[in-house]
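Just below is one structure, and these are the notes that go with it.
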Amino acid sequence: MRPDWDAYFMGIVNEVAKRATCDRGMSGCVIVKEKQILTTGYVGSAAGMPHCDEAGHQLKQTTHDDGKTSTHCVRTVHAEQNAICQAAKFGIALRDSTLYCSMTPCYTCAKMIVNAGIKRVVCQKRYHVDKDTEELFLKAGVSLEIKSNEVQQYENQ
């Protein structure tokens with residue numbers, strides 16, 4: 001059976017994610033406009049810098065307003081950030097596009113998505129701290145569709 005467009009692009013997200021160099025999340029991203037792929041991105045270190053799979057994770061803890069603590073690897077650039085940066089690098093406008101990604105974007109990625117003019121975000125799963133992202137997208141008029149309410153799990157979350 002032929003997949004619908006969302007399933008098709010989400011399948012490509014899964015392939016892109018296989019290039020990720022940080023095993024905490026292994027996420028991918030595809031940005032599309034009018035059913036055409038504009039750019040892709042995956043989790044990896046800044047260009048020319050050592051990757052987690054070479055140098056190990058660079059973990060930092062964040063304490064949230066509710067007192068909960070989460071651990072994040074800051075060595076990497078997120079898949080969404082890499083896809084947006086690739087568009088900027090090659091002069092590709094993202095206004096009114098759709099972003100497909102492995103999990104709900106983090107709050108920093110969400111702000112970049114809003115400022116890039118992306119109007120729709122489709123996620124495979126939830127990110128464990130996505131409340132702020134959901135609120136921002138609602139206020140900014142960005143459509144958010146989460147295909148599964150399953151929360152992406154990884155070590156030292």
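This chain uses plain numbering: 1 for the first residue, then up along the sequence.
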Notebook entry, point to check: Any ion pair linking E150 and R126 (charged N to carboxylate O, less than 4.0 Å)?
Noted result: no
Notebook entry, point to check: Any side-chain heavy-atom pair from M103 and S27 closer than 4.5 angstrom?
Noted result: yes
Note to self: Set out, in order, the CA-CA distance, both residues' side-chain angles and the distance that settles salt bridge (Lys or Arg N to Asp or Glu O under 4.0 Å) for E54 and R75, then state yes or no.
What the structure shows: CA-CA 11 Å; E54 301 165 343; R75 182 179 305 285; over 6 Å; no
Checklist line | CA sep, side-chain torsions, deciding dist, call: V142, R120, side-chain contact (heavy atoms from CB on, under 4.5 Å) | finding: CA-CA 5 Å; V142 174; R120 181 173 176 244; 5.9 Å; no
Item checked: Sub-4.5 Å side-chain heavy-atom contact between S102 and C29 -> no
Note to self: Looking at every non-hydrogen atom in both residues, tell me the closest pair between I31 and S97 and how far apart they are.
What the structure shows: CG2-OG, 3.4 Å
Item checked: From H72 atom NE2 to K60 atom NZ, the distance as rounded to the nearest 0.5 Å -> 12.5 Å
Checklist line | Gap between atom SG of C109 and atom NE2 of H78 - 0.5 Å precision | finding: 5.5 Å
Check: Hey, is the main chain of H51 close enough, under 3.5 Å, to the side chain of T21 for a donor-acceptor pair?
Finding: no
Check: So which of V13, V32, T98 actually passes side-chain contact (heavy atoms from CB on, under 4.5 Å) with V122?
Finding: T98
Notebook entry, point to check: Hey, quick one: are F9 and L144 part of the same hydrophobic cluster, counting side-chain heavy atoms closer than 4.5 Å, chains of contacts allowed?
Noted result: no
Check: Given N14 and Q124, is the side-chain contact (heavy atoms from CB on, under 4.5 Å) satisfied, shown in steps?
Finding: CA-CA 9 Å; N14 292 332; Q124 201 162 34; 2.9 Å; yes
Note to self: A side-chain contact here means heavy atoms from C-beta on lying under 4.5 Å apart; do H57 and C22 qualify?
What the structure shows: yes
Next item on the list: Return the minimal non-hydrogen interatomic distance between C123 and M10, and the atom names on each side.
Entry: C-CE, 3.8 Å
Item checked: Interatomic spacing from CG in D96 to NZ in K119 - rounded to 0.5 Å -> 6.0 Å
Note to self: Between K68 and T63, is there a side-chain heavy-atom distance shorter than 4.5 Å?
What the structure shows: no
Notebook entry, point to check: Got Y127 and C106 here, is their nearest side-chain heavy-atom distance under 4.5 Å?
Noted result: yes
Next item on the list: Look only at the side chain of T76 and the backbone of S45, and say whether a donor-acceptor pair between them is shorter than 3.5 Å.
Entry: no
Check: Are E15 and K18 close enough for a salt bridge, meaning some N to O gap below 4.0 Å?
Finding: yes
Check: Would L38 and L94 satisfy side-chain contact (heavy atoms from CB on, under 4.5 Å), going step by step from the backbone distance to the final call?
Finding: CA-CA 8 Å; L38 301 177; L94 300 179; 3.9 Å; yes
Next item on the list: Identify the two heavy atoms, one from E145 and one from D6, that lie closest to each other, and give their separation to 0.1 Å.
Entry: OE1-OD2, 3.9 Å
Check: Within the distance-only criterion (no hydrogens, no angle test), does the side chain of Q36 pair as donor or acceptor with the backbone N or O of K33 below 3.5 angstrom?
Finding: no
Notebook entry, point to check: What residue among D132, D130, I113 forms side-chain contact (heavy atoms from CB on, under 4.5 Å) with F137?
Noted result: I113
Next item on the list: State plainly whether one hydrophobic cluster holds both F90 and I118, where clusters connect Ile, Leu, Val, Met, Phe, Trp and Tyr through side-chain heavy atoms under 4.5 angstrom apart.
Entry: yes
Checklist line | Donor-acceptor pair between N82 and Y42 side chains, under 3.5 angstrom | finding: no
Notebook entry, point to check: How far does CG of L136 sit from NZ of K139, to the nearest 0.5 angstrom?
Noted result: 8.0 Å
Next item on the list: Just say parallel, tilted or perpendicular for the rings of W5 and Y8, cut-offs at 30° and 60°.
Entry: perpendicular
Next item on the list: Please assess S148 against I146 for the test side-chain contact (heavy atoms from CB on, under 4.5 Å), listing each intermediate value before the final yes or no.
Entry: CA-CA 6 Å; S148 169; I146 304 170; 5.7 Å; no
Notebook entry, point to check: Could you state the interatomic distance from OH (Y107) to CD (E134), rounded to the nearest 0.5 Å?
Noted result: 13.0 Å
Next item on the list: Determine the minimum heavy-atom distance between C101 and V121, stating which atoms define it.
Entry: SG-CG1, 4.1 Å
Check: Taking atom CD of Q61 and atom OG1 of T69, what is their separation to the nearest 0.5 Å?
Finding: 5.5 Å
Next item on the list: Using the rule that two of Ile, Leu, Val, Met, Phe, Trp, Tyr join whenever any of their side-chain heavy atoms come within less than 4.5 Å, decide whether I12 and L99 are in one cluster.
Entry: no
